[in-house]
Protein chains: 2
Amino acid sequence: MNYETLLREHHLKVTPQRLGILSLMHTMGHINIEELYAQIKEQFSSISLATLYKNINAMVENKLVTEVKVPNVKSKYEITKEPHIHLLCSACSEFIDLDLDLHPLLDAASSKSHYELHGSCIVLSGLCEKCQKEL
Amino acid sequence: MNYETLLREHHLKVTPQRLGILSLMHTMGHINIEELYAQIKEQFSSISLATLYKNINAMVENKLVTEVKVPNVKSKYEITKEPHIHLLCSACSEFIDLDLDLHPLLDAASSKSHYELHGSCIVLSGLCEKCQKEL
DNA sequence: GTATTTGCAAATGATTTGCAGTGCT
DNA sequence: AGCACTGCAAATCATTTGCAAATAC
């Protein structure tokens with residue numbers, strides 16, 4: 001993925017810090033502010049939390065990045081993609097994407113409610129396969 | 001609904017403040033901390049925010065109440081019920097429940113991921129019927 | 001060259017904690 | 001009676017803001 005292009009397409013200037021943020025977000029899949037700050041300090045030891053917040057906010061406003069609010073844990077951030085399901089394991093905190101066709105659900109929701117839908121935040125929680133066996 | 005019984009069933013002591021909180025939550029459907037504080041002050045003028053937080057947290061821990069994390073706005077609280085969809089209008093901030101059969105989705109998610117699912121937080125956002133017409 | 005971004009420090013906002021007094025069972 | 005709850009004040013944690021120096025375009 002070319003992060004420079006991605007930034008420019010979303011009307012954001014290219015800075016080394018932003019490239020670092022996107023690269024981490026891409027390799028981690030989902031990441032919260034705390035983890036992001038810890039990781040990015042390894043590349044930019046003097047980066048400040050304020051910069052991180054400003055950048056994340058700018059990216060979310062420009063829809064380059066999506067915030068996923070998750071019950072019980074801190075918000076995660078991911079590079080924006082098509083609507084999909086998130087799964088959270090309440091034992092080991094694994095947090096993964098699940099690509100299922102959401103159109104049947106979205107269509108049903110839309111026609112029953114007469115809403116014109118633009119976004120979704122779907123988090124299902126339970127036990128992952130591994131944790132089911134270990135408990 | 002009998003709030004006293006509800007509290008006892010969830011191993012929480014009955015206090016006037018808690019009855020007030022549940023009553024408001026039931027009549028409002030969904031409510032955030034700020035709204036709740038403003039409303040409950042009319043019944044208990046000396047109630048403190050700390051008490052409100054402690055009670056909400058206790059109720060959430062005992063699963064009497066569910067926190068709904070919503071993108072862009074403050075968390076809402078509701079009396080716990082079966083999994084369902086929430087709809088948020090991004091123009092007028094209407095926030096409503098939509099009762100659709102979620103079993104097809106949950107079953108598909110479960111069998112594809114091998115997760116044993118326990119909870120869901122589903123928020124769809126868009127424009128309500130009224131706001132579509134006005135824009 | 002101009003506008004934006006960065007990093008620091010300080011300010012704000014939200015939530016939690018400690019504790020003395022009160023109320024529930 | 002004993003333990004949990006309330007309300008206050010203070011502490012903590014998360015996020016935002018203001019500003020001078022550095023950087024992007």
Side-chain angles (χ1 to χ4, degrees), chain A residues 2-25 31-62 64-77, chain B residues 2-25 31-62 64-77:
Chain A
N2 184 332
Y3 305 122
E4 284 202 28
T5 312
L6 206 53
L7 283 166
R8 292 214 169 84
E9 281 173 356
H10 288 84
H11 315 294
L12 292 167
K13 302 213 161 157
V14 177
T15 69
Q17 289 87 341
R18 287 178 178 174
L19 293 173
I21 290 171
L22 288 175
S23 165
L24 276 171
M25 219 176 263
I31 193 164
N32 68 31
I33 289 277
E34 207 174 10
E35 293 162 347
L36 194 44
Y37 187 55
Q39 299 265 328
I40 202 148
K41 262 191 170 298
E42 300 186 1
Q43 285 176 69
F44 301 94
S45 56
S46 69
I47 198 174
S48 70
L49 254 178
T51 298
L52 199 49
Y53 275 108
K54 285 172 195 167
N55 281 330
I56 291 282
N57 289 343
M59 292 177 187
V60 169
E61 276 158 27
N62 289 282
L64 167 50
V65 163
T66 300
E67 178 181 2
V68 187
K69 292 209 176 188
V70 189
N72 305 127
V73 306
K74 296 195 178 183
S75 286
K76 309 257 186 184
Y77 296 89
Chain B
N2 184 333
Y3 306 123
E4 284 202 28
T5 313
L6 206 53
L7 283 166
R8 292 214 169 85
E9 282 173 356
H10 291 268
H11 314 293
L12 291 166
K13 299 211 163 158
V14 177
T15 70
Q17 290 87 341
R18 287 177 179 175
L19 294 173
I21 290 171
L22 288 175
S23 165
L24 277 171
M25 218 176 264
I31 193 164
N32 68 31
I33 290 277
E34 209 174 9
E35 294 162 346
L36 195 43
Y37 187 53
Q39 298 266 327
I40 202 149
K41 262 190 170 299
E42 300 186 2
Q43 286 175 67
F44 301 93
S45 56
S46 69
I47 198 173
S48 69
L49 254 179
T51 297
L52 197 51
Y53 275 109
K54 285 173 196 168
N55 282 331
I56 291 282
N57 289 342
M59 291 176 188
V60 170
E61 277 159 27
N62 290 281
L64 167 49
V65 162
T66 300
E67 179 181 2
V68 187
K69 291 209 176 186
V70 188
N72 306 126
V73 306
K74 296 196 178 182
S75 286
K76 308 256 186 184
Y77 296 89

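Order of the sequence lines fixes the chain letters, A, B, ..., with proteins taken first and strands second; residue numbering starts at 1 for each chain.
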Could you state the [atom1]-[atom2] distance from [X] to [N], rounded to the nearest angstrom?
X	N	atom1	atom2	result
B:Gln17	D:dC5	CD	C1'	8 Å
A:Tyr77	D:dA14	OH	P	12 Å
A:Asn55	D:dT15	CG	P	15 Å
B:Ile33	C:dT16	CD1	C1'	12 Å
A:Leu7	C:dT4	CG	P	16 Å
B:Ile56	D:dT6	CD1	C1'	15 Å

Would you say [X] and [Y] make side-chain contact, with heavy atoms under 4.5 Å?
X	Y	result
A:Leu36	A:Ile56	yes
A:Leu22	A:Leu64	yes
B:Leu7	B:Met59	yes

N/O donor-acceptor pair under 3.5 Å between B:Arg18 side chain and B:Asn55 backbone: no
Please check: side-chain N/O of B:Lys69 versus main-chain N/O of A:Val73, any donor-acceptor pairing under 3.5 Å? yes
Reading nucleotides 16-25 of chain D 5' to 3', which nucleotides get B (base under 4.0 Å from a protein heavy atom), which S (sugar-phosphate only), which -? BBB-----SS
Quick one: CD1 on B:Ile40 to CG on B:Leu24, what's the gap to the nearest 0.5 Å? 5.5 Å
Output the distance between atom CG (B:Asn62) and atom NE2 (B:His10), rounded to the nearest 0.5 Å. 8.0 Å
Ordered by number, residues from residues 34-46 of chain B within less than 4.0 Å of DNA chain C (heavy atoms) are none
A:Glu4: what forms a salt bridge (charged side-chain N to carboxylate O under 4.0 Å, His left out) with it, not counting sequence neighbours? A:Arg8
If you check every side-chain atom of A:Lys74, which of D:dG7, D:dA14, D:dT6 has the closest atom? D:dA14
Count the heavy atoms of every other residue, nucleotide or ligand shown that sit under 6.0 Å from CG of B:Asn57, and state whether that count exceeds 12. yes
Name the nucleic acid region contacted by A:Ile47, choosing base, sugar-phosphate or nothing; use a 4.0 angstrom heavy-atom cut-off, strictly under. sugar-phosphate
